[in-house]
Amino acid sequence: MKQLYGLIGKRLGHSFSKEYFTKKFEELGLTDYEYINVELDSISEFPDRYDELSLKGFNVTIPYKEAIIPYLSELDEAAEKIGAVNTVKLFSREGERILKGYNTDAFGFKQSIKPFLTSQHERALILGSGGASKAVKYVLESYGIQCLFVSRTPKEGQISWDDINENVIKWHKLVVNSTPIGMFPNVNEFPQIPYESLTTEHLLVDLVYNPEKTVFLQKGEANGAHILNGLSMLQQQAEEAWRFWES
Ligand code: NAP
């Protein structure tokens, strides 16, 4: 019988996950496994489409990482604390169908940044306050790193883009781009920060993985900062999703 997995989102187009898992199933010789893209115009379509497809597990992407939560039976601790889900597993407990939500973005980010963190990274500036930024904050705080969000519409305790000056950059040795700025096809765009204030003590992390070296990272590198892109986070989050589905 076909074992169906998939990605739930709004407009999926080319999806990393479909390519990744299709290749993985081939490599593992899992000929009856298939990974499909499932586009929903609204999350309210989820229950009917889910029943129709009987997915054994699925990933969730923009804009449904939070909206999926009311449809799930339970969340693991990280997903609960972050308030966003990007992986769901179906299993049965005492005859009852359970849909459990996880946040493997957090795991992926943790694994990818771990080797790069030093004692200098006491404070982080997180650009953007969307879904992924919450996973970033969750991980960095678990390392005791203080986080400050930059938002176009700053809430209490956050700052605006105009507030980022030389001192803010000096004070935050870790800067994480958690916005889609610079992502394909807008590859010439970059977050507006004073790059000339960066030093060799800074680490710039871009969650964007296409292109592999965004202008944000190029400018950081040109000013002496260490850089890390979103590719290893992406691979690690997919591997963690697979471990949950197979456990
Ligand atoms: P999202 O929920 O849409 O949030 C992005 C946030 O960035 C928005 O909430 C907004 O924050 C800010 N933003 C968006 N457009 C902006 C603009 N033009 N100028 C300034 N700020 C802007 O998206 P997300 O899920 O958090 O993902 C963010 C990025 O991370 C995407 O590029 C995504 O592909 C990438 N990502 C990568 C991985 C990985 O594994 N590498 C995993 C997840 C996400 P404010 O409203 O507060 O300004």
Side-chain angles (χ1 to χ4, degrees), residues 7-21 37 43 58-69 78-79 82-88 101-114 116 124-140 147-164 175-193 203-217 227-244:
L7 173 65
I8 290 182
K10 194 159 192 164
R11 295 287 164 264
L12 296 169
H14 173 82
S15 121
F16 162 86
S17 300
K18 185 171 184 333
E19 197 177 312
Y20 190 86
F21 283 108
N37 282 344
I43 195 66
F58 58 92
N59 296 117
V60 186
T61 189
I62 299 170
Y64 300 134
K65 287 186 183 181
E66 291 166 49
I68 192 73
I69 292 175
I82 295 164
V85 162
N86 75 327
T87 299
V88 177
Y102 303 86
N103 189 305
T104 70
D105 282 339
F107 174 86
F109 182 71
K110 189 165 194 160
Q111 293 304 108
S112 87
I113 200 170
K114 211 167 15 184
F116 292 84
L125 196 60
I126 305 178
L127 311 177
S129 69
S133 75
K134 296 187 175 78
V136 167
K137 177 173 185 271
Y138 172 78
V139 170
L140 294 180
C147 296
L148 178 62
F149 281 110
V150 178
S151 171
R152 294 166 299 180
T153 51
K155 297 174 198 73
E156 208 187 325
Q158 303 182 343
I159 63 169
S160 74
W161 289 87
D162 288 342
D163 295 327
I164 313 177
V175 184
V176 183
N177 178 32
S178 195
T179 76
I181 302 172
M183 187 167 77
F184 180 85
N186 304 312
V187 297
N188 295 322
E189 293 178 5
F190 53 90
Q192 299 296 326
I193 64 166
L203 170 62
L204 254 58
V205 182
D206 206 334
L207 299 198
V208 172
Y209 47 86
N210 181 15
E212 284 189 26
K213 201 187 272 185
T214 55
V215 176
F216 172 67
L217 294 185
I227 59 168
L228 171 66
N229 71 13
L231 212 50
S232 107
M233 171 180 175
L234 188 69
Q235 287 160 348
Q236 296 278 356
Q237 65 78 23
E239 277 306 303
E240 180 74 345
W242 177 241
R243 280 190 284 272
F244 282 131

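As the structure lists them, so they are numbered: ligands from 1, and atoms in each ligand from 1. Start at 1 with the first residue, then count along the sequence.
Ring geometry for F16 versus Y209: interplanar angle of 30 to 60°, hence tilted.
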Which atom pairs, nitrogen or oxygen on both sides, join ligand 1 and the protein at under 3.5 angstrom?
from     : atom 1 : to   : atom 2 : distance (Å)
ligand 1 : 2 (O)  : G131 : N      : 3.2
ligand 1 : 9 (O)  : G130 : N      : 3.3
ligand 1 : 11 (O) : S129 : N      : 3.2
ligand 1 : 26 (O) : G131 : N      : 3.2
ligand 1 : 26 (O) : A132 : N      : 2.8
ligand 1 : 40 (O) : L234 : N      : 3.3
ligand 1 : 41 (N) : L207 : O      : 3.0
ligand 1 : 41 (N) : G230 : O      : 2.9
ligand 1 : 46 (O) : R152 : NH2    : 3.1
ligand 1 : 47 (O) : S129 : N      : 3.4
ligand 1 : 47 (O) : S129 : OG     : 2.5
ligand 1 : 47 (O) : S151 : OG     : 2.5
ligand 1 : 48 (O) : R152 : N      : 2.9
ligand 1 : 48 (O) : R152 : NE     : 2.9

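Two rings, from F190 and F216, have their centers 6.0 Å or more apart.
Contacts of E212 classified as salt bridge (charged side-chain N to carboxylate O under 4.0 Å, His left out), with partners at least two apart in sequence or in another chain: none. Applying the salt bridge (charged side-chain N to carboxylate O under 4.0 Å, His left out) rule to K213 yields the partners E221; only residues at least two apart in sequence or on another chain are considered.
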What side-chain donor-acceptor pairs closer than 3.5 Å can you find for residues 147-159, not counting sequence neighbours?
from : atom 1 : to   : atom 2 : distance (Å)
S151 : OG     : T153 : N      : 3.0
S151 : OG     : T153 : O      : 3.4
Q158 : OE1    : K155 : N      : 3.0

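No more than 12 heavy atoms of other residues, nucleotides or ligands shown are found within 6.0 angstrom of NZ on K137.
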